[in-house]
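Only one structure is covered here, and it is reproduced in the block below.
Letters A, B, ... mirror the listed sequences (proteins, then strands); counts begin at 1. Please read these numbers as outputs of a predicted model, since none were measured by experiment.
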Amino acid sequence: MSSENGHPEEEPQQAEQLALIRELVRKADVPRAKPRTWRGAPLAAELPVARVLVDKGPVHLDRLWDYAVPAELDADAQPGTRVRVRFGAGARNVHQGRREGGGLLDGFIVERVAESDYQGPLAAIAQVLSPEPVLGPQLLRLCRAVADRYAGSLADVLQLAVPPRHARIEAEPSPALLPPPAAPQPGSWSRYPTGPGFLDALARGGSPRAVWTALPGEHWAMELARAAAATLASRRGVLIVVPDGRSAARVDAALGELLGPGRHVLLTADTGPEERYRRWLAVNRGAVRAVVGTRAAMFAPVRDLGLLAIWDDGDGSHAEPHAPQPHAREVLLLRAAHQKAAFLLGGFSCTVEAAQLVRTGWARPLAADRERIRAVAPLVRTVGDGELARDEAARAARLPSLAWRVAREGLERGPVLVQVPRRGYVPRLACDRCREPARCADCAGPLEAHDADGALHCGWCGRRQDGWHCAECGGTRLRARVVGARRTAEELGRAFPAVPVRTSGRDQVLDTVPDTPALVVSTPGAEPVAEGGYAAALLLDGWALLSLPDLRAGEEALRRWLGAAALVRGQEAGGQVVIVAEPTLRPVQALVRWDPAGHAVRELSERAELGFPPVSRMASVSGPADAVAELLAAAELPSEAELLGPVPVTSRGAAPGEERVLVRVRPGLGGELAAALKTAQAVRLARGAGPVVRLRMDPPDIG
DNA sequence: AGCACGCCGACT
DNA sequence: GTCGGCGTGCTC
């Protein structure tokens with residue numbers, strides 16, 4: 001396939017690059033030393049050198065250290081085991097018999113080799129914590145690839161990938177592996193023209209890759225379970241990553257229904273640390289071959305991986321908040337490439353990244369015919385600003401009369417969902433006339449007005465913009481308006497006093513609601529499933545979502561609307577959706593036509609024109625101004641790298657005087673960019689540890 | 001990060 | 001003459 005995107009196909013070239021850098025970082029040609037006897041203690045007869053990754057500590061220790069393997073630890077000190085080693089200046093003194101010193105640090109044996117290229121005497125491994133090989137070769141390779149991709153340290157990634165140890169759990173035997181199940185019937189996969197073929201390929205041991213646009217009302221958890229069962233039938237393993245515990249529980253239930261007990265495990269944060277480690281060990285030991293879980297499960301060491309699946313990749317929960325902040329979709333893509341496994345990315349909506357996988361030909365679309373979509377999608381109706389202005393009832397009650405009518409009708413037939421915005425968004429500027437986001441004339445970054453004088457500055461390159469006018473329509477006035485709608489929902493509840501009002505939100509999320517008339521007020525993402533589908537839905541958060549301070553505002557709005565609208569009965573069953581948003585806006589049109597993939601394709605081509613991610617690759621470098629400048633000057637960036645900024649960092653937690661620079665490269669150079677920044681960072685830290693500079697690949701918050 | 005070694009000022 | 005300031009540099 002082409003190398004036009006930043007996806008797994010750039011990986012071999014990247015690996016080569018990094019191998020080269022590792023080589024350079026290592027000392028120049030020195031004669032290879034055999035491990036010397038340490039205090040005269042006998043060494044392991046074979047492969048007496050252990051290459052150890054020290055688990056914690058500063059970034060410049062992110063390399064392997066050679067230790068001698070004493071004969072008595074030979075059997076236990078295998079690759080992948082957790083060990084303790086003496087590390088620090090004092091360790092040598094121990095060797096010379098002077099006094100104790102050098103702290104004990106935890107680490108992992110990465111490999112056993114015959115000789116070391118370190119010239120001095122090797123210290124011995126102090127202790128093998130347990131003979132359990134928790135860091136197998138494939139997991140190690142994955143973690144290294146993730147660290148490289150995100151310009152992070154291997155130690156940081158291992159912290160995400162290998163759970164903390166519980167000795168008692170390790171002592172327990174894992175259950176025996178059950179024989180593979182029979183291949184499942186295609187079931188509702190038959191509603192997609194290529195669905196049965198996809199399932200069949202999985203069952204036969206093939207590795208199809210698909211971007212699946214789920215039909216409205218789809219019992220997607222069962223579809224994922226069927227794909228898992230087909231893969232297990234081919235004697236291969238499965239990993240399914242979903243955004244939250246609620247979704248994980250649904251897939252868990254579907255897997256249980258289809259496979260019976262003992263063939264899969266659920267890995268989520270709700271499970272206590274010990275039980276979690278028990279399940280993780282069962283997976284690592286090959287006793288269980290199917291895993292469903294939330295983002296931390298993206299590293300689950302499933303054996304013989306046949307299928308990697310992710311549901312709703314646009315959900316922000318898939319982005320790991322801990323360094324180096326890998327995204328579950330990208331990690332699964334790396335795994336699919338490494339292991340030649342099948343890949344299934346599904347959702348009611350479609351991200352630009354997913355559209356890019358299809359565009360480059362890496363994955364095939366898996367979607368239903370238009371006719372079938374029309375039959376099962378609810379009828380979507382819009383209320384734009386013009387209508388709102390003319391609508392007397394709306395002005396009085398802050399709710400358009402169409403919404404009243406649809407709610408009243410819906411409540412005669414079942415529950416009605418009301419989606420209201422969450423608090424705490426930051427509006428950005430848009431053209432008052434056509435709502436196109438206001439963009440910088442120089443680099444197309446988002447404009448901000450954070451000065452009291454009202455002057456406009458670019459959020460990326462920091463340049464002042466005078467005399468702004470809209471590139472789309474020529475308008476010269478800006479707006480930052482948002483609609484507060486929570487109160488509207490409360491008023492709606494008062495207007496239907498006979499009907500119960502249930503709420504689902506951040507603090508208390510309802511899982512399901514019964515099939516009886518009720519107003520169900522929910523924030524995006526917390527919508528309960530209605531047993532027979534909602535009779536209607538009101539989407540009242542149009543402007544709040546569209547003015548999120550994000551490049552993805554449109555995509556995110558559409559994703560949330562589709563997530564709610566997919567819970568509504570089809571229009572043949574009378575299901576209706578009313579959205580309070582301008583009908584000319586692209587995401588609104590995509591909702592009306594129920595065409596998320598088309599929306600993502602258009603967003604993608606627009607990003608390509610503007611040089612936005614994921615069509616370009618970006619890194620953000622932030623910290624004290626001089627430190628940022630110093631790092632960038634030292635980094636051997638790809639020659640055509642484009643520097644945007646610096647701009648002052650205004651986010652929470654940033655010290656005054658901090659700045660941020662964005663580095664942009666064309667697709668395919670992301671690996672090179674990450675490697676260059678990581679090397680420069682390591683060099684900086686190795687000498688003198690100046691003020692901290694934060695690196696972030698693919699920053700999500702670039703406006 | 002720790003913790004060494006190392007090369008210049010005021011104290012018994 | 002020594003004790004000790006914390007400025008570079010290494011840690012398998």
- Note on the structure: Separation of B:dA1 atom P from A:Phe87 atom CZ, nearest Å, is 13 Å
- Whole-Å distance between B:dA1 C1' and A:Asp55 CG? 15 Å
- Query: Could you state the CG-P distance from A:Leu53 to C:dT11, rounded to the nearest angstrom?
  - Reply: 17 Å
- Would you kindly give the CH2-to-P distance between A:Trp65 and C:dC10, to the nearest whole Å? 11 Å
- Task: Would you kindly give the CZ-to-P distance between A:Arg112 and C:dC12, to the nearest whole Å?
- Result: 19 Å
- Query: Between C:dC10 atom C1' and A:Arg86 atom CZ, what is the distance in whole Å?
  - Reply: 18 Å
- Return the set of residues passing ring pair (Phe, Tyr, Trp, His ring centres under 6.0 Å) with A:Trp311 (not counting sequence neighbours), or none when no residue passes. A:Trp212, A:Trp220, A:Phe348
- Message: What I'd like to find out is whether the side chain of A:Leu357 reaches to under 4.5 Å of the side chain of A:Phe343, using heavy atoms alone.
- Response: yes
Cut-off 3.5 Å, no hydrogens considered: what does the side-chain donor-acceptor table look like for residues 123-138 of chain A, sequence neighbours left out?
unit_1   : atom_1 : unit_2   : atom_2 : d
A:Ser130 : OG     : A:Glu132 : N      : 3.1
A:Ser130 : OG     : A:Glu170 : OE1    : 2.9
A:Glu132 : OE1    : A:Arg285 : NH2    : 2.7
A:Glu132 : OE2    : A:Arg285 : NE     : 2.8
A:Glu132 : OE2    : A:Arg285 : NH2    : 3.4
A:Gln138 : OE1    : A:Gln339 : NE2    : 2.9

- Protein-nucleotide distance (A:Arg84, atom CZ; C:dT11, atom C1'), rounded to Å: 18 Å
- Could you point out which residue of A:Arg329, A:Arg295, A:Arg696 forms a salt bridge (charged side-chain N to carboxylate O under 4.0 Å, His left out) with A:Glu320? A:Arg295
- Euclidean distance, atom CG of residue A:Leu104 to atom C1' of B:dA1 [Å, nearest integer]: 16 Å
